[in-house]
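Each chain gets a letter, A, B and so on, in the order its sequence line appears, and its residues count up from 1.
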Number of protein chains: 2
Amino acid sequence: MEQKEIGVDTRTRGRPRAYDPDVALQRAMDAFWKSGYSGTSLDDIAHATGMNRPSLRAAFGDKRDLYLKALRAYWGFKLATMAKTLAGGTLGEALLRTYDAALTVYFSEEEGARGCFVVGTAITESVDDPEIREIVATGFGALDRLFVDRIAQARDAGELTGDVDPAALAILACGTMQTIALRARAGFARETLWGIAQKAVAVICR
Amino acid sequence: MEQKEIGVDTRTRGRPRAYDPDVALQRAMDAFWKSGYSGTSLDDIAHATGMNRPSLRAAFGDKRDLYLKALRAYWGFKLATMAKTLAGGTLGEALLRTYDAALTVYFSEEEGARGCFVVGTAITESVDDPEIREIVATGFGALDRLFVDRIAQARDAGELTGDVDPAALAILACGTMQTIALRARAGFARETLWGIAQKAVAVICR
DNA sequence: AGGATTTTGTGCGAGATGGAACAAAAAGAA
DNA sequence: TTCTTTTTGTTCCATCTCGCACAAAATCCT
């Protein structure tokens, strides 16, 4: 007995799904990424995903549920990517690799830059929504730890001169990534932002 | 012939205004600052300002016009404040004074932190609105110049050791201010953010 | 084939949102 | 006092937004 290809899962009955949940979630994330949570309507998302609104609700819950799923998915992707790009090579190489990967995400939309999903959308909602605020704060904490650990490793390996505090350098490294994200969304060119990354790394690693 | 106190201006006829335009604009800014542009309705603003919606429109134009006025007013205030806080003393003192003043703004709302008006609201709208995007990019450029000039001044005064690039240090200083703004809105405590500022300054000024 | 289950698609409704119309209120000028 | 001007306040309107109801479609099971 062969499963059909559309909506492949272990369901045994009923009309098959006309969408892939992961693809739909990504499309919804794309819509939110452009216009923010409040500025994106369910019709916008329906159009982006090719699904009708009742189907969206059945699959993901209400608009806020969907946004929370997208936000958590973005954090999962972001932190996993950074764990990889920060590993190996010198600290300078690791940081540049990390900023390059970030730039690729920030410019991953064909019609223009969209920056970071957290900085571009969640920060605006976080004052009014405690759960979003908590997710963002937790994510920032994890981001900090990734930077601190990598920088501490470089210090222990003798890569850094002077009496450096990894936590302090991590703040600068994180701030650099975030100013790049903000500027991407403000229309700065990718090459300009790459130049910013290089300048910051030169100071952090001296 | 004495002017009345309410709605004091040089108008010669008609019913006097029941509001002060500057105060009303500040109240509207407060409302946008909390929930972002798209998340704030005209009724929200009417409530915050004590004005009816037709009066708001007569005074400021439509919702977007009002938001643009608030955004420009914020930039004017922000850059003027920074020009003052960056002047005088050592570079370290100037930077700490600047971050302290920024923190005061970011925590200027009684019920909780609101961060920076640009980072918290304009960044979300900037992908869809070219004029907002332009205002933000111009403001970031002015911010950069303030930092670069102050750091170049400190280098020329012999305050900085080694072969430093003011533009590179300015990126770090700006990134630090922005990560503080993001974190304020994400619920970080003021004392924590002050600690972040101090660590960053210690590295920038070494 | 009929019944059960799951998903899609269409239409409807309540409430929210931004804008407009215009009468009433409050002032100055003649 | 009447007229003119400016502002406020109330009401109405068109459209948008989100949620729901439910019939139809597409599958599996008996």
**Student:** Take atom CZ of B/F60 and atom C1' of D/dT7, then tell me their distance rounded to the nearest Å.
**Tutor:**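 So the CZ-C1' distance, B/F60 to D/dT7, works out to 14 Å.
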
**Student:** Can you see if the side chain of B/N52 gets near the phosphate of D/dG9 - specifically, an N or O under 4.0 Å from OP1 or OP2?
**Tutor:**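 Indeed, a polar side-chain atom of B/N52 lies that close.
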
**Student:** What is the distance from CZ of B/R17 to C1' of D/dG9, rounded to the nearest Å?
**Tutor:**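 After rounding, the reported distance stands at 17 Å.
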
**Student:** Quick check, are the ring centers of A/Y99 and A/Y106 under 6.0 angstrom apart?
**Tutor:**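 So the answer is no for these two rings.
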
**Student:** Would you mind reading off the distance between A/D62 atom CG and D/dT17 atom C1', rounded to a whole angstrom?
**Tutor:**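 Taking CG of A/D62 and C1' of D/dT17, I get 13 Å after rounding.
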
**Student:** Using a cut-off of less than 4.0 Å, is there contact between a side-chain N or O of B/S55 and OP1 or OP2 of D/dT7?
**Tutor:**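 It does not, given that no N or O in the side chain of B/S55 lies less than 4.0 Å from OP1 or OP2 of D/dT7.
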
**Student:** Want to settle it: does B/L42 or A/G50 sit nearer the 5' end of DNA chain C, counting the closest nucleotide to each?
**Tutor:**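 It is A/G50 whose nearest nucleotide is closer to the 5' end.
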
**Student:** Does the side chain of A/F32 reach to within under 4.5 Å of the side chain of A/L66, using non-hydrogen atoms?
**Tutor:**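 A side-chain contact exists here, since the closest heavy-atom pair is under 4.5 Å.
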
**Student:** Please determine if B/D62 and B/R53 form a salt bridge, counting it only when a charged side-chain N lies under 4.0 Å from a carboxylate O.
**Tutor:**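 No.
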
**Student:** I'd like to know if B/D129 and B/R64 make a salt bridge, using a cut-off of under 4.0 Å between side-chain N and carboxylate O.
**Tutor:**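 So B/D129 pairs with B/R64 through a salt bridge.
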
**Student:** What is the distance from CZ of B/R15 to P of C/dA27, rounded to the nearest Å?
**Tutor:**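 That distance rounds to 8 Å.
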
**Student:** What integer distance in Å separates A/R53:CZ from C/dG9:C1'?
**Tutor:**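 Nearest whole value for this atom pair: 12 Å.
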
**Student:** Compare the minimum distances between each of D/dC18, D/dA21, C/dT17 and the side chain of A/S41, then state the nucleotide with the smallest one.
**Tutor:**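 Minimum distance to the A/S41 side chain belongs to D/dC18.
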
**Student:** Starting from P on D/dC20, measure out to NZ on A/K63 and report it in whole angstrom.
**Tutor:**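 A/K63 atom NZ is separated from D/dC20 atom P by 15 Å.
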
**Student:** Could you state the atom-to-atom distance from CZ of B/R13 to P of C/dA27 in whole Å?
**Tutor:**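 Atom-to-atom, B/R13 to C/dA27, this comes out as 15 Å.
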
**Student:** Send over the distance from B/D43 CG to C/dG15 C1', rounded to a whole Å.
**Tutor:**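 The answer, rounded to whole Å, is 12 Å.
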
